[in-house]
There are 2 protein chains.
Amino acid sequence: MDIVKIEEIFKKSGLKLTVQRKAIIEVLINFNGHVLTAEQIYKKTKEKHPTTNFSTIYRNLEILESSNIIHKITMKGEAAKYQLVNDDKHYHHFICKDCGKSEIIDFCPLRSLSTELKRKNFVLTDHCFELYGYCNNCKDNKSEV
Amino acid sequence: MDIVKIEEIFKKSGLKLTVQRKAIIEVLINFNGHVLTAEQIYKKTKEKHPTTNFSTIYRNLEILESSNIIHKITMKGEAAKYQLVNDDKHYHHFICKDCGKSEIIDFCPLRSLSTELKRKNFVLTDHCFELYGYCNNCKDNKSEV
DNA sequence: TTTGGTGCAAAGCGTTTGCACCCGC
DNA sequence: GCGGGTGCAAACGCTTTGCACCAAA
C-alpha cells in the first residue's frame with residue numbers, strides 16, 4: 001500500500017492528516033515487509049517528529065488497523081506487531097523472530113477445512129495462522145555463532 | 001490426561017504435590033475439553049482450597065505448561081486460556097468464544113506447506129493455528145435472542 | 001531437615017483513557 | 001471556528017517477582 005492510497009482512505013473517512021500521522025505512515029512505508037512493535041514505531045516516528053506521544057501511536061495504530069491500512073499480529077503473549085497491508089487479499093505470514101521480516105504465505109488452511117467445519121456446524125468468526133522461525137538470512141547468521 | 005499420569009510427571013520432575021497443586025489439577029480435569037482463563041482457574045481452585053493465591057495459580061500454570069500437561073492458548077490481546085493436553089499428539093483447536101468449549105481439529109496446515117517452506121529455506125520454530133467462533137449450541141442460543 | 005512452594009504486596013509490561021489544549025480543514 | 005487529534009499523566013488488565021514464611025519429601 002502506498003502513500004497515495006492511504007491519503008485517499010484518510011480523506012474518505014474524514015481523518016485529518018496531522019504531522020504525527022504523516023510521520024507514522026512514513027515509518028510504516030519505510031519498513032514495508034517487516035513487522036514492527038508499537039515501541040519500534042514510536043521510536044522511529046519520534047525521529048521524524050520528536051514530540052510524538054506513545055498514546056498517539058496507539059490511537060493511530062488502532063485507526064490504521066480498522067481502516068485496513070495495517071495488519072495487527074499478536075504472537076503468544078508478546079507485544080503486538082504491525083505491518084502495512086499489501087493488498088486486499090486474505091493471507092497469512094511467516095515471521096522471522098530475529099529480523100522481524102515477514103513473508104506472505106499464499107495459503108489459508110481454512111480452504112482445506114471448510115467441509116469439516118460445515119459438518120460440525122461451527123460458526124467461524126476469527127482465525128489465526130502464523131508461522132514463526134528464522135528466515136534464510138538469520139538462520140545463516142545463527143549457524144556462524 | 002488423567003491424575004495418575006500427571007502425578008507420575010510430577011514425581012519424575014521432583015515437583016511437590018501440594019494441596020494447591022492438587023486443587024488446580026482437579027479443576028483442570030473437571031473442565032477437560034474446555035478452555036479456562038487463569039482467573040477462572042483461580043476462582044474454581046479457591047472453592048477447593050480457599051487460601052490459594054493468584055500468583056500460585058500463575059506459577060503453576062507455567063510449570064504445568066512446560067511439563068506438557070496443559071496447553072496455553074493466547075487469542076488476540078485477550079487473557080491467556082489454558083486446557084489439559086489430551087494426549088501426546090499434535091493438534092489444533094476450534095474454540096467457542098461463548099462457552100469456551102474447544103474441539104480438536106485433527107488437521108495441521110503445516111503438512112500442506114512443508115514443501116513450500118523447504119524451498120524458501122525457513123527454519124520453523126513455532127506456529128499458531130486456532131479457529132474461533134460459536135459452536136453448534138451457542139450459535140443456536142444467539143439466534144434465539 | 002532441606003528445598004522447593006506459598007502468600008502477600010508491589011511492580012512489571014503493554015496498552016488504554018480522561019482531560020485540557022491544539023491545529024487541520 | 002469547529003471538531004477531531006494530541007500530549008500528558010494516570011490507570012488499566014494481566015502477569016511476574018522479591019521476600020519471608022511454610023510444609024512436602
Side-chain angles (χ1 to χ4, degrees), chain A residues 3 6-27 35-46 48-67 69-70 72-82 100, chain B residues 3 6-27 35-67 69-82 100:
Chain A
I3 186 80
I6 294 174
E7 288 186 354
E8 240 174 59
I9 296 174
F10 267 59
K11 210 154 263 174
K12 266 187 199 159
S13 315
L15 292 164
K16 291 180 184 168
L17 252 183
T18 62
V19 208
Q20 294 89 338
R21 282 181 177 167
K22 276 181 203 156
I24 295 171
I25 293 167
E26 258 185 73
V27 169
V35 294
L36 299 171
T37 62
E39 199 189 358
Q40 289 172 317
I41 295 168
Y42 171 59
K43 284 184 179 158
K44 301 205 178 292
T45 301
K46 272 175 90 80
K48 295 176 189 294
H49 187 72
T51 63
T52 311
N53 194 269
F54 221 140
S55 55
T56 301
I57 301 291
Y58 274 113
R59 281 191 273 238
N60 280 302
L61 288 177
E62 204 191 326
I63 290 168
L64 290 168
E65 198 204 355
S66 57
S67 305
I69 294 169
I70 59 172
K72 181 179 182 179
I73 297 169
T74 43
M75 177 171 153
K76 310 201 164 184
E78 293 182 13
K81 295 185 183 67
Y82 304 85
Chain B
I3 185 80
I6 295 174
E7 289 186 355
E8 239 174 62
I9 297 175
F10 267 59
K11 210 155 265 177
K12 266 188 202 162
S13 316
L15 293 164
K16 291 179 185 169
L17 252 182
T18 62
V19 208
Q20 294 90 337
R21 283 182 176 165
K22 276 182 202 154
I24 294 171
I25 292 168
E26 259 185 70
V27 169
V35 293
L36 300 171
T37 62
E39 199 188 357
Q40 289 171 318
I41 295 168
Y42 170 60
K43 284 183 179 157
K44 302 207 175 291
T45 301
K46 272 174 90 82
E47 288 171 14
K48 295 177 190 294
H49 187 73
T51 63
T52 311
N53 194 268
F54 221 140
S55 54
T56 300
I57 301 292
Y58 275 113
R59 280 191 272 236
N60 280 303
L61 289 177
E62 205 192 323
I63 289 168
L64 290 168
E65 199 205 355
S66 56
S67 307
I69 294 169
I70 59 173
H71 267 305
K72 182 180 184 179
I73 297 170
T74 43
M75 180 170 150
K76 310 201 166 184
E78 293 182 14
K81 295 185 182 69
Y82 304 85

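We name chains A, B, ... by the order of the sequence lines, and we start the count at 1 in each one. All values derive from a computational prediction rather than experimental measurement.
Residue pairs that meet the salt bridge (charged side-chain N to carboxylate O under 4.0 Å, His left out) test with at least one member in residues 38-55 of chain B, sequence neighbours left out, are B/Glu26-B/Lys48, B/Glu39-B/Lys43.
Spacing between atom CD1 of A/Ile25 and atom P of D/dG5 amounts to 12 Å, rounded to whole angstrom units.
In this structure, the side chain to side chain contact (heavy atoms under 4.5 Å, CB included) partners of A/Phe10, at least two apart in sequence or on a different chain, are A/Ile6, A/Leu15, A/Leu17, A/Arg21, A/Ile25, A/Leu64, A/Ile69.
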With 3.5 Å as the limit, what N/O pairs link the protein to nucleotides 10-13 of chain D?
none

Checklist outcome for this item: Per-nt protein contacts along nucleotides 20-25 of chain D (heavy atom under 4.0 Å; B base, S backbone sugar-phosphate only, - none) come out as ---BBS
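Put simply, the side chain of A/Gln40 gets close to the backbone of A/Thr37: a donor and an acceptor are under 3.5 Å apart.
Considering A/Thr18, A/Val19, A/Ile41 as possible partners of A/Ile24, the one that fulfils the side-chain contact (heavy atoms from CB on, under 4.5 Å) test is A/Ile41.
Contacts between residues 48-55 of chain A and DNA chain D, defined by a heavy-atom separation below 4.0 Å, involve A/Thr51, A/Thr52, A/Asn53, A/Ser55, listed by number.
With the nearest nucleotide of DNA chain C identified for both B/Arg59 and A/Tyr58, B/Arg59 has the one nearer the 5' end. Position along DNA chain D of the nearest nucleotide to B/Glu39 versus A/Asn60 favours A/Asn60 as the more 5'-ward residue.
Considering NZ of B/Lys72 and NZ of B/Lys81, their distance stands at 12.0 Å, rounded to 0.5 Å. Here OG of A/Ser67 is found 9.5 Å from CD of A/Glu65. Values are rounded to the nearest 0.5 Å.
Mapping heavy-atom proximity under 4.0 Å, the span of DNA chain C touched by chain B runs 5' to 3' from C/dT3 to C/dC8.
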